[in-house]
Engineer: 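I have a structure I would like to understand better, so I am pasting it below and will then ask my questions one at a time.
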There are 2 protein chains.
Amino acid sequence: MVTLADVARDAGVSASTVSYVLSGKRTISAATRARVERSVERLGYRPHAGARALAGSRSWIIALMVPLRTDIHVPVMLEIAMAVTTAARAHGYDVLLLTGDEGAEAVRRVQGSSVADAMIVMDVELDDERLPLLRAAESPAVLIGLPADPTGLVCVDLDFEAAGALCVGHLAGLGHRDIAFVGGAPGVYERHTGFAERTLAGVRAAAREHGVRVLHRPCEGNYASVAATLDRILEERPGTTAYIVQNEAAADPLLALLRQRRLAVPEDVSVVAVCPDDVAERASVPLTSVAVPARDMGRRAVEAVVAALDGRPAAGSVLLPPSLTVRAGSGPAPAAG
Amino acid sequence: MVTLADVARDAGVSASTVSYVLSGKRTISAATRARVERSVERLGYRPHAGARALAGSRSWIIALMVPLRTDIHVPVMLEIAMAVTTAARAHGYDVLLLTGDEGAEAVRRVQGSSVADAMIVMDVELDDERLPLLRAAESPAVLIGLPADPTGLVCVDLDFEAAGALCVGHLAGLGHRDIAFVGGAPGVYERHTGFAERTLAGVRAAAREHGVRVLHRPCEGNYASVAATLDRILEERPGTTAYIVQNEAAADPLLALLRQRRLAVPEDVSVVAVCPDDVAERASVPLTSVAVPARDMGRRAVEAVVAALDGRPAAGSVLLPPSLTVRAGSGPAPAAG
DNA sequence: GTGAAAGCGCTAACAC
DNA sequence: GTGTTAGCGCTTTCAC
């Protein structure tokens with residue numbers, strides 16, 4: 001292994017000079033810099049991560065807690081995780097992957113061992129057990145998601161409440177009066193996951209405001225569940241002319257089932273989704289959708305973390321404004337028949 | 001922050017004693033051990049990761065390289081990644097997440113900086129640019145996937161060649177003579193990704209052996225691509241009575257399209273998939289499938305890594321034997337009509 | 001069965 | 001603009 005001392009010897013300078021050349025924390029003459037850089041290059045020197053962490057009290061690692069569950073849309077999770085990793089690298093940080101099932105204990109472990117300088121937490125519940133620890137921590141923490149009480153926390157999330165309202169507003173504007181909201185899996189609500197509850201709140205508030213009826217049904221992301229859910233919806237509200245889908249995995253099955261019932265989209269019924277753009281575009285009928293900006297959320301979480309680590313205290317929470325893209329999936333409500 | 005010295009002082013012993021109590025590397029009297037453990041508990045001591053890595057030359061971190069691409073089935077990737085993380089934790093290791101797009105440079109960085117003790121690499125191409133570095137490394141590396149030349153490497157993978165053959169054998173045994181193989185995205189083949197090419201090889205070999213015809217078509221995982229692919233298949237081989245699907249995202253669209261064409265599954269056509277069991281089970285028609293054992297692969301990769309780190313040299317590659325589960329998706333070929 | 005002490009490789013005062 | 005040096009918190013000889 002090549003050490004700082006090796007480089008210093010090779011370049012004919014002291015160890016601290018090498019360190020300063022690398023960190024840029026003091027001015028170095030062009031000649032010295034050149035010699036050091038040449039030696040670094042020639043020897044293939046890389047600072048020892050542990051030594052750097054010990055001496056500099058900075059591990060250059062950000063811990064990322066990813067849920068282990070399968071009832072939330074998995075591709076979104078991976079996309080966020082990869083966006084976090086890419087953004088972190090751009091700032092010189094690596095990412096430590098933690099599984100959500102370790103819960104609060106993982107938070108303690110990471111904070112206690114200084115293995116990471118900061119934490120990003122996904123899949124936040126409204127009253128999450130990890131929140132007290134994260135609030136009390138001396139190391140920065142950023143949530144991707146919004147708990148019931150975000151006081152003292154930095155959060156990054158889509159404004160799901162506005163997203164829900166936006167869907168209802170779009171459909172109400174098209175003349176729809178009976179809307180079904182096909183939500184996430186029941187477990188998502190049982191855990192009081194922030195995004196699910198907030199979307200529902202936004203949908204309901206907008207429904208009142210626009211004077212339309214909304215029927216909410218949680219739904220697993222498989223064909224059989226969607227079929228059962230659709231059956232129930234059409235039984236209870238045969239006049240339903242529009243669907244809002246929050247479960248990405250349910251969108252395509254829903255379209256297939258509507259087709260089977262000879263309900264044309266968007267002539268007979270409209271379908272609006274809350275999902276990443278690529279999912280909406282690739283559906284069998286391109287769906288009007290409110291985008292879940294996974295990459296953006298990951299990037300912003302990292303930026304908030306890095307800002308905090310650099311002593312620029314992050315300014316509270318970031319709620320990304322939703323944006324609705326109209327595609328083939330939605331159209332005017334059919335004339336009442 | 002609580003240090004070893006703090007614990008030593010609190011327990012009235014020397015620092016080395018505390019260290020030995022924690023590592024179990026020398027015999028300690030019951031009384032001393034109890035006092036130390038009490039202090040550790042009381043003070044909430046956690047060893048400093050960097051210091052431990054520096055002094056012990058072991059970071060207790062395993063690096064995991066996950067592809068950033070979206071043309072391979074994402075849920076499988078996340079499932080493997082989470083399985084790796086869970087298994088690693090069980091052995092006392094944390095996982096560092098690397099994106100595949102960093103390529104060989106990431107391998108150099110990790111190896112040079114001692115940030116991780118070993119590496120697990122996913123999404124291996126037949127002639128992967130990272131292989132020479134991984135072979136030359138002094139730190140253990142395990143591939144999840146099988147390159148063209150696995151010499152000097154430890155690999156863990158499903159035996160995709162046998163998997164492909166198993167699918168064909170199953171269908172041939174049911175009397176099918178014209179089989180379509182709906183493969184992964186074109187990009188997967190262009191990159192010469194190991195699993196895709198090997199499955200195809202197995203399918204072709206088995207087809208020759210059983211005297212059946214196979215038409216192979218790469219296919220993206222969205223509705224429109226599957227529709228186009230199905231059109232082409234039925235145009236070129238109208239007598240096709242069975243489908244093998246390797247692209248998980250294509251399975252449900254294919255079923256929907258067959259339904260639209262009034263082709264009943266499995267009465268008129270059979271569909272067999274190579275995918276994780278849950279995908280096969282949740283399809284609109286539960287599919288006969290060869291399981292991609294994501295969790296098992298992740299676990300075994302970690303075991304190989306840990307064995308190597310513990311000085312038990314891993315014994316070459318592990319090719320997991322495929323296993324086919326018959327579900328509603330496959331049945332006897334229809335009588336030639 | 002336990003302690004003392006010498007590093008591990010780096011950073012950051014403190015000197016000049 | 002550069003060098004000297006004292007640690008960072010831990011592991012592991014060596015000594016008793």
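Values below: all heavy atoms of this structure, side chains included; hydrogens, waters and symmetry mates excluded. Keep in mind the model is a prediction, meaning the values are calculated, not measured.
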Engineer: How many Å lie between CZ on A/Arg33 and P on D/dG1, as a whole number?
Structural biologist: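 Rounding to the nearest Å, CZ of A/Arg33 and P of D/dG1 are 10 Å apart.
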Engineer: When the nearest nucleotide of DNA chain C is assigned to B/Val13 and to B/Ala51 on a heavy-atom basis, which residue is associated with the more 5' position?
Structural biologist: B/Val13
Engineer: Under 4.0 Å, heavy atoms only, any strand: does B/Leu4 hit a base, just the sugar-phosphate, or nothing?
Structural biologist: base
Engineer: C/dA4 base to B/Tyr20 side chain: any donor-acceptor pair below 3.5 Å?
Structural biologist: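 Checked by distance alone, the answer is no.
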Engineer: Send over the distance from B/His48 NE2 to D/dG7 C1', rounded to a whole Å.
Structural biologist: 13 Å
Engineer: Whole angstrom is fine here: how far is it from CG in A/Leu22 over to C1' in D/dT2?
Structural biologist: 16 Å
Engineer: List the steps and the verdict of salt bridge (Lys or Arg N to Asp or Glu O under 4.0 Å) for A/Glu190 and A/Arg69.
Structural biologist: CA-CA 13 Å; A/Glu190 281 155 20; A/Arg69 316 177 192 287; over 6 Å; no
Engineer: Mind checking if B/Thr32 touches a base, just sugar-phosphate, or nothing, with heavy atoms under 4.0 Å?
Structural biologist: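 Sugar-phosphate only.
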Engineer: Among A/Val305, A/Val84, A/Val302, A/Val306, which residue satisfies the side-chain contact (heavy atoms from CB on, under 4.5 Å) criterion with A/Val142?
Structural biologist: A/Val305
Engineer: Give the rounded distance in Å between these two atoms: CH2 of A/Trp60 and C1' of D/dC8.
Structural biologist: 17 Å
Engineer: On the nucleotide D/dC10, are OP1 or OP2 found under 4.0 Å from the side-chain N or O atoms that B/Ser19 carries?
Structural biologist: no
Engineer: Counting any heavy atom closer than 4.0 Å, what does B/Ser29 reach on the DNA or RNA strands: base, sugar-phosphate only, or nothing?
Structural biologist: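 The residue B/Ser29 makes sugar-phosphate contact but no base contact.
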Engineer: For the base of D/dT4, is there a side-chain donor-acceptor partner from A/Ser16 under 3.5 Å away?
Structural biologist: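 Check passes, donor-acceptor contact within cut-off.
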Engineer: Nearest to the side chain of B/Ser14, which nucleotide is it out of C/dC10, C/dA4, D/dT2?
Structural biologist: C/dA4
Engineer: Run the salt-bridge test on B/Asp128 and B/Arg135 with the 4.0 Å N-O cut-off and return the result as yes or no.
Structural biologist: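 Here B/Asp128 does not pair with B/Arg135 in a salt bridge, since their nearest N and O are not under 4.0 Å apart.
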Engineer: Quick check on side-chain contact (heavy atoms from CB on, under 4.5 Å): which of A/Ile62, A/Val115, A/Ile61 does A/Val110 satisfy it with?
Structural biologist: A/Val115
Engineer: Tell me: CE of B/Met1 to C1' of D/dG7, nearest whole Å?
Structural biologist: 15 Å
Engineer: Write down the distance between CG (A/Asp6) and P (C/dC8), rounded to a whole number of angstrom.
Structural biologist: 11 Å
Engineer: Report yes if at least one side-chain N or O of B/Lys25 is closer than 4.0 Å to OP1 or OP2 of D/dT11; otherwise report no.
Structural biologist: no
Engineer: Quick one: on DNA chain D, does B/Arg26 or B/Gly50 contact a more 5' nucleotide (nearest heavy atom)?
Structural biologist: B/Gly50
Engineer: Given atom CZ of B/Arg52 and atom C1' of D/dT11, what is their separation to the nearest angstrom?
Structural biologist: 11 Å
Engineer: Looking only at side-chain N and O atoms, does B/Thr17 come under 4.0 Å of OP1 or OP2 in C/dT2?
Structural biologist: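 Answer is no, no contact under 4.0 Å.
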Engineer: Any salt bridge linking B/Glu105 with B/Arg108? Criterion: basic side-chain nitrogen under 4.0 Å from a carboxylate oxygen.
Structural biologist: yes
Engineer: Rounding to a whole Å, what distance do you find between A/Arg46:CZ and C/dC8:P?
Structural biologist: 22 Å
